[in-house]
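Residue numbers begin at 1 in each chain, while the letters A, B, ... track the order of the sequences. Hydrogens, waters and symmetry mates are skipped; everything else that's a heavy atom, side chains included, is used.
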There are 2 protein chains.
Amino acid sequence: MARAALSPDAVVDLALRIVDEEGPDALTLSAVAARAGVATPSLYKHVRNLAELRALVSVRVMGELTEIASEAALGRSGDEALRALMDGWRSYAARHPHRYSAMIQAPRPETADVGDRLVGIMLAALRAYGLEGSAAIHAVRCLRAAMHGFAVLEAAGAFRLAEDLDESHALLARMVIAGLRTAREH
Amino acid sequence: MARAALSPDAVVDLALRIVDEEGPDALTLSAVAARAGVATPSLYKHVRNLAELRALVSVRVMGELTEIASEAALGRSGDEALRALMDGWRSYAARHPHRYSAMIQAPRPETADVGDRLVGIMLAALRAYGLEGSAAIHAVRCLRAAMHGFAVLEAAGAFRLAEDLDESHALLARMVIAGLRTAREH
DNA sequence: ACGCATCGGCTAATGCTATTAGCCTGGCAG
DNA sequence: CTGCCAGGCTAATAGCATTAGCCGATGCGT
């Protein structure tokens with residue numbers, strides 16, 4: 001190895017810093033190269049192209065979110081676990097809005113794995129609600145929709161009124177919990 | 001007027017066709033110009049720049065969605081109105097996934113108006129649930145989060161399992177309805 | 001009917017981006 | 001010591017947005 005400075009992971013690190021500071025649209029190979037102190041084409045020694053870099057960023061962020069989600073669910077169950085999961089999810093998205101936006105991508109093979117793990121955690125968090133098979137899948141889809149929808153809208157600044165967002169989110173959690181009870185009866 | 005063929009609206013029409021057929025990323029000024037049979041810079045006589053064109057597309061799509069939402073809610077009330085609203089929303093997004101994706105943007109002044117109308121319709125659809133003031137705002141936020149989250153995920157192809165999406169969405173509707181009852185009691 | 005402003009097209013030019021090709025070098029393996 | 005190659009480089013191409021400045025036709029006022 002000549003200069004051990006750069007590596008795929010290091011490139012993703014720089015990419016994440018750009019995303020955080022300047023938003024997902026500012027993620028460009030030349031911007032990364034500039035931060036790395038390297039000519040743009042050199043990056044191709046570490047990443048196939050911009051699309052792959054985006055996918056790697058997405059994977060990294062989904063990984064962080066997975067970690068947060070699993071920590072939140074750990075040692076809790078039932079409503080408490082669900083609330084912790086939703087709160088953790090939302091707070092991550094709120095803390096890193098650009099990162100969260102950069103995570104959203106058309107599904108690519110790279111993201112399939114970590115995506116499945118994330119779904120697995122949600123499934124586990126729902127275990128206490130006694131949902132089996134397909135019912136559990138439908139429930140996870142609704143949970144994802146609720147969490148993701150709220151996170152996206154909040155990150156995009158789409159909630160423009162003055163009302164407290166914590167309160168809105170607490171209502172969302174109550175909504176999901178109430179809905180899961182109806183799911184069991186169906 | 002020289003050639004009356006082009007106008008801001010006509011440009012948006014072409015833009016929408018591109019979005020539908022090739023996805024939001026394919027929306028580029030040169031692509032629009034090619035379809036219009038015109039040189040790229042000519043478009044600047046009708047639209048300020050690409051960002052504005054995107055905003056206009058977004059406004060147009062939000063307008064269509066507003067129409068669908070208001071038709072769905074018209075003449076119904078309570079759970080029925082809510083279900084119709086959610087179904088209409090989802091079916092629009094599913095019918096035009098690229099269009100729906102193109103609608104999503106950081107809030108710009110152009111979209112504020114039609115966005116407010118859309119929120120107004122949701123507020124009206126919730127009237128039967130007896131929510132006042134802030135409680136209604138929180139409820140609308142949750143409704144938006146649920147509908148938008150589901151639509152985005154479905155449009156992006158993020159629901160990859162075989163389970164019937166109609167059923168998942170029906171659960172989401174029951175979830176929202178159940179949650180709105182708890183909202184009143186809070 | 002005539003002149004003229006303006007609208008809406010054009011070409012030329014700039015600058016930023018991704019991406020490919022092909023070169024060069026320093027360090028590690030043998 | 002020698003040769004390989006990972007990992008940097010420069011040069012070149014091509015697609016995009018955007019600006020500047022030109023020019024013809026249209027339609028209005030006179």
Notebook entry, point to check: Just by protein heavy atoms under 4.0 Å, how would nucleotides 16-22 of chain D read 5' to 3' in B, S and -?
Noted result: SSBB---
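Straight-line distance from the CG atom of Leu43(A) to the P atom of dT19(C): 11 Å, rounded to whole Å.
With Tyr100(A) as the partner, the side chain to side chain donor-acceptor pair (under 3.5 Å) test is satisfied by one option alone out of His148(A), Glu64(A), Arg95(A): His148(A).
Distances shorter than 4.0 Å separate some side-chain N or O of Ser42(A) from OP1 or OP2 on dC9(D). Taking 4.0 angstrom as the limit, His46(A) places a side-chain polar atom (N or O) nearer than this to OP1 or OP2 of dG8(D).
Not a single side chain to side chain contact (heavy atoms under 4.5 Å, CB included) links Ala73(A) to another residue, sequence neighbours left out.
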Notebook entry, point to check: Can you check ring-ring contact (aromatic ring centres under 6.0 Å, His included) on Phe159(A) and His138(B), steps first, answer last?
Noted result: CA-CA 10 Å; Phe159(A) 296 138; His138(B) 294 305; 10.0 Å; no
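Side-chain contact between Asp87(B) and His169(B) is present, with at least one heavy-atom pair separated by less than 4.5 Å.
The pair Arg160(A)-Asp116(B) meets the salt-bridge criterion, with a side-chain N (NZ, NE, NH1 or NH2) lying under 4.0 Å from an Asp/Glu carboxylate O.
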